[in-house]
Amino acid sequence: MGKLFGTDGIRGPANRDPMTAETALRIGRAAARFFLERETPARRIVLGRDTRESGDMLESALVAGICSAGMDALLAGIIPTPAVAHLTAEEQADGGIVVSASHNPYQDNGIKIFSASGTKLSDEAEEAIEGFILANHGDNASLPASPGKARLLADARERYAAFLRGTVPGLSLDGLRIALDCSHGATFQVAPAVFTALGAQVTVLFAEPDGRNINDGCGSQHPGGLARAVVQGGCDAGFAFDGDGDRVIAVDETGKVLTGDALLAITARRLRDEGRLANNLVVRTVMSNIGLTAAFRELGIDSVMTDVGDRHVFAAMKERGAVLGGEDSGHLIFLDHHTSGDGILTALQVLAAMHREGRPLSEMGRLMTVYPQVLLNVVTRSRPDLETVPEIRAAIRAAEAALNSRGRVLVRYSGTQNLCRVMVEGPTREETEAHAGRIARVVREVLG
């Protein structure tokens with residue numbers, strides 16, 4: 001069958017292997033058997049999903065697999081990924097499963113599994129679940145005589161919303177105009193409810209999912225529509241979530257887009273000023289803009305870099321005792337509040353920083369000067385180690401030599417798609433685009 005788990009769970013085109021009902025049933029059964037090996041299993045798993053049309057099929061198959069192994073499935077319905085992480089811990093369940101492909105188009109779907117504490121599974125745990133799938137394929141002899149049950153967590157969204165409000169005690173958004181881009185995804189119900197309950201006047205965009213419009217020209221990867229709505233509506237800020245709600249991109253009152261790096265700088269300063277930035281440290285990734293390095297230097301805040309991916313960020317935070325970490329994509333983790341990146345929670349923390357300083361978001365965004373950055377995605381047929389491909393290695397070295405200390409080059413494969421990502425930062429847009437274009441052309445010629 002081959003390896004199922006990638007850098008963020010299992011993902012692929014819906015109704016094509018491995019995102020088929022048959023494989024989902026086996027994954028649900030294998031996950032249940034893995035969790036049953038706990039010393040005192042609770043015998044229940046929390047399930048949630050986003051708005052993709054294939055979600056019903058995969059969720060139903062997972063439920064069948066879980067129940068066939070003798071565990072109960074607690075159905076949270078359409079709800080953000082971080083909500084499942086939170087509810088798993090709150091329910092004291094053995095684990096949680098999310099059916100979502102995050103920011104990918106609707107044709108894709110995915111399955112992510114959380115531990116009992118609401119964290120992503122370790123590599124060892126994922127390997128163990130794959131082992132169960134392979135070992136028990138087609139073997140029904142070991143199934144229990146009494147299957148588990150499926151039951152609805154009818155108050156899942158309300159409980160998650162209450163948790164989110166609790167991360168900003170005393171915060172009032174009275175008098176603020178906030179625009180929300182829900183990406184036709186998993187936040188389309190809970191996000192407007194949270195901000196409205198805190199007193200904001202909320203303009204809601206892209207909150208009419210039809211199963212196929214998730215992430216389509218909207219959300220955290222396409223904030224242009226939100227930026228226009230913020231300016232036209234005289235809003236104080238706007239926030240664009242991705243399809244499963246674990247990322248957010250902000251827009252200030254002038255329509256300028258603030259990515260995850262800028263939000264890290266804003267929230268890090270707030271935590272530092274309040275004496276809550278543990279070890280004076282922020283964890284970020286190799287995709288962080290050089291401008292964030294300069295901002296942290298100016299603020300006197302230490303930072304460390306990890307590989308791309310929230311799992312790496314989370315691991316470094318735990319290892320080094322940090323409470324704040326994140327990615328430029330808008331995936332931020334506030335470990336004092338949650339074990340998972342959470343777009344709504346991040347937006348609330350940004351608004352709390354605005355409230356504390358009494359300044360507009362445009363002024364706070366000036367903490368960081370963004371160096372021109374170009375990111376090009378090249379579709380590839382294969383994924384050899386880039387250092388072993390002479391032409392690509394030479395193109396990268398040439399760009400690095402030309403930029404010297406005035407920029408940087410990062411070329412890596414996507415963890416979830418068949419792409420090679422070419423990222424270049426430099427002193428001017430023209431020079432940066434030229435270097436990125438040359439490297440991308442070589443990658444396309446050799447691997448495309």
Side-chain angles (χ1 to χ4, degrees), residues 164-165 167-168 170-183 187-188 190-207 217-242 245 247-274 289 291-292 294-295 298-299 324 326 328-332 334 342-373:
L164 290 169
R165 295 193 301 271
T167 67
V168 283
L171 177 65
S172 171
L173 301 181
D174 289 347
L176 287 184
R177 294 173 179 262
I178 305 296
L180 303 177
D181 175 349
C182 296
S183 198
T187 62
F188 85 101
V190 69
V194 168
F195 290 90
T196 300
L198 289 172
Q201 183 177 329
V202 180
T203 298
V204 184
L205 309 170
F206 307 109
C218 55
S220 61
Q221 289 194 305
H222 307 281
L226 175 66
R228 290 189 292 273
V230 167
V231 174
Q232 292 169 3
C235 296
D236 298 283
F239 298 97
F241 308 105
D242 68 337
R247 303 184 188 190
V248 68
I249 295 298
V251 173
D252 71 20
E253 76 281 5
T254 72
K256 181 179 179 181
V257 174
L258 303 179
T259 63
D261 282 347
L263 304 186
L264 272 177
I266 291 169
T267 54
R269 181 169 69 176
R270 175 194 167 211
L271 293 179
R272 183 205 63 182
D273 291 349
E274 294 177 353
N289 190 274
L292 186 58
E298 183 71 20
L299 291 168
L324 177 62
D328 190 46
S329 62
H331 197 142
L332 274 64
F334 293 83
D342 190 317
I344 302 175
L345 191 156
T346 297
L348 292 174
Q349 300 306 311
V350 171
L351 291 170
M354 289 174 58
H355 183 268
R356 183 183 190 277
E357 298 191 22
R359 295 195 294 153
L361 188 54
S362 60
E363 288 187 18
M364 302 185 70
R366 294 184 194 128
L367 271 175
M368 173 185 163
T369 299
V370 179
Y371 280 53
Q373 182 185 89

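Throughout, numbering of the chain's residues begins at 1 and tracks the sequence. Below, each value reflects all heavy atoms present in this structure, side chains not excepted, and no hydrogens, waters or symmetry copies.
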Problem - Intermediate values then yes/no, side-chain contact (heavy atoms from CB on, under 4.5 Å), Asp342 and Ile344 - result: CA-CA 6 Å; Asp342 190 317; Ile344 302 175; 3.8 Å; yes

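- No donor-acceptor pair closer than 3.5 Å links the side chain of Asp181 to the backbone N or O of Leu226.
- Side-chain N/O atoms of Asp261 and Thr259 include no donor and acceptor closer than 3.5 Å.
- With Asp242 contributing its side chain and Arg247 its backbone, the two residues share a donor-acceptor pair below 3.5 Å.
- In this structure, the side chains of Leu164 and Leu348 come closer than 4.5 Å at one or more pairs of heavy atoms.
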Can I get a per-line list of side-chain donor-acceptor pairs under 3.5 Å for residues 351-361, giving both atom names and the distance, sequence neighbours left out?
unit_1 : atom_1 : unit_2 : atom_2 : d
Arg356 : NE     : Glu274 : OE2    : 3.3
Glu357 : OE1    : Arg269 : NH2    : 2.9
Glu357 : OE1    : Arg359 : NE     : 3.2
Glu357 : OE1    : Arg359 : NH2    : 2.7
Glu357 : OE2    : Arg269 : NE     : 3.3
Glu357 : OE2    : Arg269 : NH2    : 3.3

Handout entry: Stepwise side-chain contact (heavy atoms from CB on, under 4.5 Å) test for Leu332 and Thr267
Key = CA-CA 10 Å; Leu332 274 64; Thr267 54; 4.3 Å; yes

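- Ring geometry, Phe195 versus Phe239: the interplanar angle falls under 30°, so the pair is classed parallel (tilted spans 30 to 60°).
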Exercise for the section: Might you work through the side-chain contact (heavy atoms from CB on, under 4.5 Å) test for Lys256 and Val251, ending with a clear yes or no? Expected result: CA-CA 5 Å; Lys256 181 179 179 181; Val251 173; over 6 Å; no

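- Residue pairs that meet the side-chain hydrogen bond (donor to acceptor under 3.5 Å, both in side chains) test with at least one member in residues 344-353, sequence neighbours left out, are Thr167-Gln349, Arg270-Gln349.
- In plain terms, the two heavy atoms of Ala197 and Arg165 that are nearest each other are CB-CD, 4.0 Å.
- Within the model, atoms NE2 of His222 and OG of Ser183 stand 8.0 Å from one another, a figure rounded to the nearest 0.5 Å.
- Here the CD-CG distance, from Gln201 to Leu173, works out to 12.0 Å after rounding to the nearest 0.5 Å.
- In this structure, Thr203 and Ile178 have side chains that are not in contact, with every pair of non-hydrogen atoms separated by 4.5 Å or more.
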Practice task
Evaluate the criterion side-chain contact (heavy atoms from CB on, under 4.5 Å) for residue pair Cys182 and Val204; output intermediate values, then yes/no.
Solution key: CA-CA 7 Å; Cys182 296; Val204 184; 4.3 Å; yes

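- The closest side-chain heavy-atom distance from Leu263 to Ile249 is not below 4.5 Å.
- When all heavy atoms are compared, the tightest approach of Thr254 to Ser362 is CG2-CB, 4.2 Å.
- Nearest heavy-atom pair, Ala227 versus Gly255, reported as atom, atom and distance to 0.1 Å: CB-O, 3.5 Å.
- Atom CG of residue Asn289 and atom OG1 of residue Thr369 lie 9.5 Å apart, to the nearest 0.5 angstrom.
- Between atom CZ of residue Arg366 and atom CG of residue Asp252 there is a gap of 8.5 Å, rounded to the nearest 0.5 Å.
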